[in-house]
Each structure stands twice: as structure tokens, then as C-alpha cells.
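To find a chain, count down the sequence lines: A is the first, B the second, and so on, and within it residues start at 1. Reckoned from all heavy atoms, side chains included, excluding hydrogens, waters and symmetry mates.
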Protein chains: 2
Amino acid sequence: MFSKSCEYGIKATLYIASNSNNGNRVSLNDISENIDSPKAFTAKILQKLSKNKIIQSIKGPSGGFEITTENMNNLRLSHIVKAFDGDDIYKSCGIGLEECNDSKPCPVHSRFKNIREELKRMLETTSILDLANGLTEGLTFLKH
Amino acid sequence: MFSKSCEYGIKATLYIASNSNNGNRVSLNDISENIDSPKAFTAKILQKLSKNKIIQSIKGPSGGFEITTENMNNLRLSHIVKAFDGDDIYKSCGIGLEECNDSKPCPVHSRFKNIREELKRMLETTSILDLANGLTEGLTFLKH
DNA sequence: TCTATTTCGGACAAGAATATCCTAAATTAT
DNA sequence: ATAATTTAGGATATTCTTGTCCGAAATAGA
Ligand code: SF4
Ligand code: SF4
């Protein structure tokens with residue numbers, strides 16, 4: 001469904017958010033250990049999140065990553081997905097015709113439409129904070 | 001959502017089905033032209049469909065590909081998807097934890113679950129014939 | 001100022017997906 | 001039989017994604 005990068009991006013953001021909730025800044029090492037992702041690759045992911053102003057990065061000793069309360073509240077899952085995978089998931093569903101529209105639909109169009117819209121709606125209404133809270137409360141997990 | 005291979009696989013099957021409906025056997029050339037896909041690559045796709053007994057292939061002059069009425073009726077979209085992409089789409093949704101379960105859910109689990117199940121249900125209930133009919137009747141299209 | 005820590009960013013490597021090419025095998029028609 | 005057509009399948013190429021490596025830049029503390 002999502003690219004590996006996007007999956008790591010979501011996990012990393014949520015891990016950072018859950019820690020920022022508690023006032024803790026976290027390092028690349030922390031993150032890649034706790035979300036079970038390759039360290040060097042995760043560094044790239046974090047750079048991208050940082051450039052997209054989803055998280056904040058601080059260099060130097062006792063540096064690391066954090067996310068502002070404002071961002072946690074305002075940013076949605078859709079923002080992260082968009083940063084990594086673009087809006088493909090909203091457009092090129094089904095069998096990937098170049099231009100999709102209702103007036104010249106592909107055979108699976110009507111069947112996929114609802115699902116696609118439900119997914120879109122879910123991503124656009126779920127905030128980082130919503131998801132991070134479950135982590136903080138120990139109700140959900142980022143690795144097994 | 002699906003791999004390119006899977007998309008071609010779906011399109012090819014539907015094109016063949018729509019033609020088998022009219023008693024026409026179609027060749028690789030026909031198919032790749034009408035679904036707008038790279039010919040050599042499409043040949044591989046057709047081989048896979050054939051090995052998976054989704055379509056039938058006939059060699060030699062006036063050979064080509066066709067699909068039986070029985071297969072059109074019995075086979076679902078899910079069979080094609082499974083042949084190309086496995087059952088990933090049913091398992092590794094959301095952020096791709098290795099083992100997914102309700103008792104140790106990832107943060108997006110509850111939100112993704114419904115969507116995933118709806119997708120699964122749709123794929124498992126949509127037959128090749130359902131989709132091919134729309135094509136035959138000129139209501140839906142495989143290229144623009 | 002010097003050192004240690006930590007992110008940044010460019011270059012490179014490995015792997016997977018996508019795509020092409022060419023020859024073999026089967027089948028039909030002549 | 002021979003030639004023409006069409007699928008089968010192995011080898012190879014290209015492109016994209018995923019992943020690693022290493023030195024530069026920033027920053028905190030001694
Ligand atoms: S399902 Fe609709 S939107 Fe998706 S590829 Fe087909 S025509 Fe386009
Ligand atoms: S949403 Fe559920 S099933 Fe999907 S990866 Fe997360 S825990 Fe697993």
C-alpha cells in the first residue's frame with residue numbers, strides 16, 4: 001500500500017511524537033532501534049520529514065528530533081503519506097490509467113471509488129496526536 | 001496499490017474475457033495494443049496468467065489467448081491479484097509490521113482494518129465476467 | 001579552543017521491479 | 001516436408017527503491 005520509506009516515515013514520526021509528548025527529544029539511534037528500521041536509511045527518512053517541516057531536528061550533542069505540539073495537532077497522516085508517496089494513492093487506483101475520470105471509467109472504477117475515498121478521508125482526518133496517544137498509553141505498538 | 005504486473009494482468013484478462021465473450025481469440029499483439037502495455041513484458045504477464053490457469057494459451061498460427069466461460073464466471077479479481085502480488089494486500093497493510101494481530105496492534109490498525117476488509121471483500125466478490133461485461137457493452141475502457 | 005556528539009548530504013551499493021531480446025517449440029496452412 | 005505464425009522461456013538490460021558509507025557541518029561541554 002505505502003512505500004517502505006513512507007512506512008518508516010510514519011513509524012518514526014509517531015515514535016518522535018510519543019516522546020515529545022513526554023518532553024523527550026530522541027536521537028536517530030533511539031528511533032531506528034525502537035521502530036526496527038535500518039539506521040542509515042532512517043537518517044534519510046528523518047531528513048525528509050525535517051525538510052517537510054513535519055518534525056524538527058537539532059544538531060550536536062543532546063540533539064535529536066522532536067515535534068511541536070502544534071504539528072502533532074495539525075498534521076494528519078495524509079501529510080506524511082504525501083511527503084513520501086505523493087498523492088498517487090488518491091489518483092492512480094485500480095489499474096492505473098493515466099487520466100482517471102468518471103466519464104470514461106476503467107472496469108474497476110465504480111468498485112474502487114468508494115474504497116479509495118474512504119482511505120483518503122481516513123488519512124485526512126487522522127492526526128499525528130491521535131496516533132501518538134495510543135503509543136504513549138501503551139495501547140499500540142511500533143514493533144513486536 | 002497493485003504492482004505494474006498485476007495491473008497489466010487485470011487489464012489483459014479483462015480484454016481477453018471481453019473478446020472471448022464474442023467468440024474471438026486474441027493475440028499478444030492485439031492485447032498489448034489494446035491495453036497499452038509493453039509487448040515483451042506483456043508476454044510474460046500472459047505466461048503467468050496461463051500457468052495460473054486463469055487464461056488459456058494456444059500456440060501456432062491463429063493461436064492466441066482465450067478464457068473459458070467457466071473461468072469468467074468463477075474467477076474473481078482476487079485470483080488475479082493473488083497470482084501477481086500474493087496476499088500482501090490483505091496482510092501487510094498500514095505500516096507493515098511483520099506479524100499483525102488485533103491483540104498487539106500498530107497505531108493505525110483500527111483505522112486501516114475496515115478499509116482493508118472492504119477491499120478484500122470487493123476483490124473476492126467481483127468476477128471477471130462482471131467486469132468484462134462493462135467492456136463489451138462499451139460502458140468502461142481499458143485505455144484513453 | 002578542543003573534543004565529542006549528532007544531524008546533513010553527497011556518493012555509492014544492492015536488490016527488486018520493469019522491460020527487452022532472442023531462440024526454441026508448437027501448430028497451421030501450403 | 002516446408003514455411004509462416006504465434007506462444008514459451010531463458011538471458012540480459014534498465015530503472016526504481018531500498019540501503020550503506022563517509023566526510024562535512026553544527027553544537028554543547030570541558
Ligand atoms: S478505478 Fe477509476 S480512478 Fe482508478 S484507474 Fe480506474 S478509471 Fe481511474
Ligand atoms: S494496521 Fe493492523 S494489520 Fe496493518 S500493519 Fe498495523 S497492526 Fe498490522
Side-chain angles (χ1 to χ4, degrees), chain A residues 1-13 15-16 19-20 24-33 35-67 81 83-86 88-89 92 95-96, chain B residues 1-13 15-16 19-20 24-33 35-67 81 83-86 88-89 92 95-96:
Chain A
M1 173 149 276
F2 303 124
S3 69
K4 220 75 183 136
S5 296
C6 187
E7 290 182 1
Y8 293 150
I10 295 172
K11 287 194 212 179
T13 304
Y15 179 72
I16 295 165
N19 277 278
S20 286
N24 294 124
R25 184 180 294 167
V26 289
S27 71
L28 167 61
N29 272 313
D30 280 338
I31 297 169
S32 83
E33 259 172 46
I35 71 174
D36 216 18
S37 64
K39 193 169 137 186
F41 192 56
T42 307
K44 302 294 187 197
I45 304 294
L46 292 167
Q47 275 177 48
K48 189 158 202 171
L49 286 168
S50 181
K51 277 188 188 162
N52 279 270
K53 317 244 182 213
I54 292 170
I55 61 174
Q56 265 198 306
S57 74
I58 299 96
K59 280 183 184 172
S62 83
F65 300 89
E66 54 189 33
I67 181 167
V81 171
F84 288 98
D85 292 354
D88 258 25
I89 211 135
S92 75
I95 59 177
Chain B
M1 172 150 277
F2 302 124
S3 69
K4 219 78 183 134
S5 297
C6 188
E7 290 183 359
Y8 294 149
I10 295 173
K11 288 193 209 180
T13 305
Y15 179 73
I16 295 165
N19 277 278
S20 286
N24 295 126
R25 185 181 293 167
V26 289
S27 72
L28 167 61
N29 272 311
D30 281 337
I31 297 169
S32 83
E33 260 172 45
I35 72 173
D36 215 20
S37 64
K39 194 168 137 187
F41 191 58
T42 308
K44 301 295 186 193
I45 303 293
L46 293 167
Q47 276 177 47
K48 189 157 201 172
L49 286 168
S50 180
K51 278 189 187 162
N52 279 269
K53 317 244 184 214
I54 292 170
I55 62 175
Q56 264 197 307
S57 75
I58 299 96
K59 278 182 184 173
S62 82
F65 300 91
E66 54 190 33
I67 181 168
V81 171
F84 289 97
D85 292 353
D88 258 26
I89 211 135
S92 75
I95 58 176

Are B:S32 and B:F41 packed together at the side-chain level, in the sense that at least one heavy-atom pair is separated by less than 4.5 angstrom? no
Going by the side-chain contact (heavy atoms from CB on, under 4.5 Å) test, name the single residue among B:I54, B:I31, B:I35 that passes it with B:I16. B:I31
With sequence neighbours left out, the residues meeting ring pair (Phe, Tyr, Trp, His ring centres under 6.0 Å) with A:F65 are none
Nearest whole angstrom, please: distance from the C1' of C:dC21 to the CG of B:L28. 14 Å
side-chain hydrogen bond (donor to acceptor under 3.5 Å, both in side chains) against A:N52, all qualifying residues, sequence neighbours excluded: none
Expressed in angstrom and rounded to an integer, what is the separation of A:I31 atom CD1 from C:dT7 atom C1'? 11 Å
Between B:Q47 (CD) and C:dA25 (C1'), how many Å, whole number? 12 Å
Side-chain donor-acceptor distances from residues 42-50 of chain B under 3.5 Å, at least two apart:
unit_1, atom_1, unit_2, atom_2, d
B:T42, OG1, B:S37, OG, 2.6
B:T42, OG1, B:P38, O, 2.5

Please evaluate residues A:F2 and A:I89 with respect to the criterion side-chain contact (heavy atoms from CB on, under 4.5 Å), reporting the C-alpha separation (whole Å), side-chain torsions for both, the decisive distance (0.1 Å), and the verdict. CA-CA 8 Å; A:F2 303 124; A:I89 211 135; 3.6 Å; yes
Atom CZ of A:R25 and atom C1' of C:dT7 are separated, to the nearest Å, by 12 Å
Starting at the 5' end of DNA chain D and moving along, which residue's nearest nucleotide shows up first, A:T42 or A:G60? A:T42
side-chain N/O A:S62 vs C:dT5 OP1/OP2, d < 4.0 Å: no
Going by side chain to side chain contact (heavy atoms under 4.5 Å, CB included), name the residues that satisfy it together with A:K4, two or more places apart in sequence or in a different chain. A:E7, A:Y8
So what does A:L46 hit on the nucleic acid, given a heavy-atom distance under 4.0 Å: a base, only sugar-phosphate, or nothing? nothing
How many whole angstroms separate atom NZ of A:K39 from atom P of C:dT7? 9 Å
Students should find that the nucleotides of DNA chain D closing off the region near chain A, any atom under 4.0 angstrom from a heavy atom, are D:dT18 to D:dA28
Without decimals, in angstroms, what is the distance between A:N29 CG and C:dA4 P? 18 Å
Measure all distances between protein nitrogen or oxygen atoms and nitrogen or oxygen atoms of nucleotides 12-19 of chain C, and list the pairs falling under 3.5 Å.
unit_1, atom_1, unit_2, atom_2, d
C:dT18, OP1, B:K4, N, 2.9
C:dT18, OP2, B:S5, OG, 3.4
C:dA19, OP2, B:Y8, OH, 3.3

Which part of the nucleic acid, if any, lies within reach of B:K51 when heavy atoms closer than 4.0 Å are counted: base, sugar-phosphate only, or nothing? sugar-phosphate
Does B:D30 form a side-chain contact (heavy atoms from CB on, under 4.5 Å) with B:Y15? I'd like the steps, not just the answer. CA-CA 9 Å; B:D30 281 337; B:Y15 179 73; 4.1 Å; yes
Considering all heavy atoms of both residues, which atom of A:K11 and which atom of B:I95 are nearest to each other, and what is their separation? CE-O, 3.1 Å
